[in-house]
There are 2 protein chains.
Amino acid sequence: MNTLEKIQTNLSNFSKSERKVAEVILTSPQTAIHASIATLAKMADVSEPTVNRFCRRLDTKGFPDFKLHLAQSLANGTPYVSRHVDEDDGPDSYTNKIFESSMAALDVARQSIDPMAINRAVDILTQAQHISFFGLGASSSVAHDAQNKFFRFNVPVSCFDDVLMMRMSCINASAGSVLVLFSHTGRTKALVEVARLARESNAQVISITAKDSPLARESTLAVTVEVPEDTDMFIPMASRLAHLTVIDVLATGFTLRRGPRFRENLKRVKEAIRESRFEKPSNL
Amino acid sequence: MNTLEKIQTNLSNFSKSERKVAEVILTSPQTAIHASIATLAKMADVSEPTVNRFCRRLDTKGFPDFKLHLAQSLANGTPYVSRHVDEDDGPDSYTNKIFESSMAALDVARQSIDPMAINRAVDILTQAQHISFFGLGASSSVAHDAQNKFFRFNVPVSCFDDVLMMRMSCINASAGSVLVLFSHTGRTKALVEVARLARESNAQVISITAKDSPLARESTLAVTVEVPEDTDMFIPMASRLAHLTVIDVLATGFTLRRGPRFRENLKRVKEAIRESRFEKPSNL
DNA sequence: TCTTTAATGTAGTTAATTTACGAAAATGTG
DNA sequence: CACATTTTCGTAAATTAACTACATTAAAGA
């Protein structure tokens, strides 16, 4: 709940003087955020510490912090909010809603990711002798994408979206093998089983999945991602986007770790594709 | 213009030290709004007055006022700016940059999409007797994802990431066939050729690609998407995300067109997967 | 009415921000 | 290339704002 609404709802819980402060803020919030604690106290006809206590009561660190929160709740220009598609939405409407929900989901995912986990994952990946990407169902395309990306790095990669192949691959895995498993829920039995098998072969298992999930527990390293999934649609949407972005992050970390000379290599890969394309007109 | 964008655009107008401050703020704006001027100065390795001058340069009354503006722009609409990853960025920094760039890219893509093209694409898809998804290279995983999604709709679908298979598939295509081609550039010779072949077989060709590209011209319907691609990295990143989101939009349009009874079907598909998963603890 | 507790204000303390000024760097000029 | 001028930046002092501790008052209960 945003701060302004919070003031509104808690109005009855405040003491007499605190309510005076609340009234002033609700009447002209724009003035409030630019006022000093002294000014505001005078406007509400209370003492400065009362204003301060009022702020603390709203779970803020103090007056300046409170102003920050208030400012944010005032800037309600409908940010990236996940919005549900309605039955009677037109193309224009549902297109926007879905794009906005996707952006909102990425935002949530971003905040939930632990950069240290990313860093450790990059550590492991850079030392890998072979990287395998595994994903089932909707995550199989994510795994394919990862393969495509890391293939460009001139690292031995493979990718499976088939449980039997995964299991066979695990048996042949060794200490230098790194497996990257993608699963939104982290509860797909077959995949959790694969993680266990792989670890029995001393391979390293990195999972991109949900926090505290069976898969996360079964992995050497879990990069946990929180994604708000719109369950109305019964189709995973946002989680793929988040996982793909995690791939981008890992790939970026990988290239950074390898240094500038390595990037020359990427350039050459890209140039190798060029001749398969039609030239762009003149302006470039 | 919001404060964060303003910092981004004026980056070149700042002096050396002010730019250091700008970098710190752009890297972690959330930290910045909660920091004191002293902390921020230390983070940017400049003096406190420099931070203050930086604030004034952005038409604010001073540091506290600046924080207020920044807080608002963080809460507001599109605070995300596409930013390049630096050589010496840490995991925290590049993770944020990439997520933010992705969000910014989706925002640009959203604005560039013509809802009427979406609508027509949905028209065509709902009437299809068979849908094939084609993509090469980085787009092959996009095509796979589309297949996975539309497969749930109980529509005959196929997916190819191999040119020969695509061509064979085109020969066998008929009037009821719909091909969906994914290509960021729209300049991949092989794919443009496939589009032509398909149309010769009277199949409908929908392309998700760049505006005014050879592929767009060769298609029955082009859903054109503009994506700001960070060419520094030599790896396609944002375009896949945008294309996947377009898939989501098309799939959504598809289900809406089919009506509520159709969505019951999706629910059943989802429930069919359930038993392959570990139960979630008790709280749900 | 007295006691106890909660609420509020006063005054002092601490912390943060801003200003004034001077040094250093950068830029332009003879 | 030396010198002058302007811009940039930092140090230190001054100012302002915010917070704490404590005293006082009001309210509630016995």
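On a predicted model such as this, the values are computed, not experimentally measured, just so you know. So you know, we letter chains A, B, ... as the sequences are listed, proteins then strands, and number each from 1. Below, all heavy atoms of this structure are taken into account, side chains as well, without hydrogens, waters or symmetry copies.
Each of B/Ala35 and A/Val46 has a nearest nucleotide on DNA chain C; the 5'-most of these lies closest to A/Val46.
Using a 4.0 Å cut-off on heavy atoms, the residues of residues 14-23 of chain A that approach DNA chain D are A/Lys16, listed by number. Near DNA chain C, meaning a heavy atom under 4.0 Å from it, residues 53-62 of chain A has A/Arg53 in order of number.
Residues A/Thr252 and A/Thr255 bring no donor and acceptor atom of their side chains to less than 3.5 Å of each other. Side chain to side chain, A/Asp145 and B/Ser141 meet the donor-acceptor criterion of an N or O pair below 3.5 Å. The closest side-chain donor-acceptor pair between A/Arg257 and A/Asn119 falls under 3.5 angstrom.
B/Thr95 has its side chain out of reach of A/Arg110: every pair of non-hydrogen atoms, C-beta onward, lies at least 4.5 Å apart. Counting heavy atoms from C-beta outward, B/Val227 and B/His184 have side chains that approach closer than 4.5 Å.
Separating the CD atom of B/Glu48 from the P atom of D/dT16 is a distance of 18 Å, rounded to the nearest angstrom. One interatomic measurement links the two molecules: CZ of B/Phe63 to C1' of D/dA17, which rounds to 14 Å at whole-angstrom precision. A straight line from CD1 of A/Ile37 to P of D/dA17 spans 11 Å, rounded to a whole angstrom. At whole-Å resolution of the value, CG in B/Asp65 and C1' in D/dT16 are 15 Å apart. With rounding to whole Å, B/Leu40 atom CG is found 13 Å from C/dA16 atom C1'.
Taking 4.0 angstrom as the limit, A/Thr50 places a side-chain polar atom (N or O) nearer than this to OP1 or OP2 of C/dG9. Contact between the side-chain N/O atoms of B/Asn52 and the OP1/OP2 oxygens of C/dT18 is found at a separation under 4.0 Å.
With values rounded to the nearest 0.5 angstrom, B/Ile7 atom CD1 is found 11.5 Å from B/Glu18 atom CD.
A donor-acceptor pair is defined here as one N or O able to donate and one able to accept, closer than 3.5 Å; no such pair exists between the side chain of B/Lys67 and the backbone of B/Ile37.
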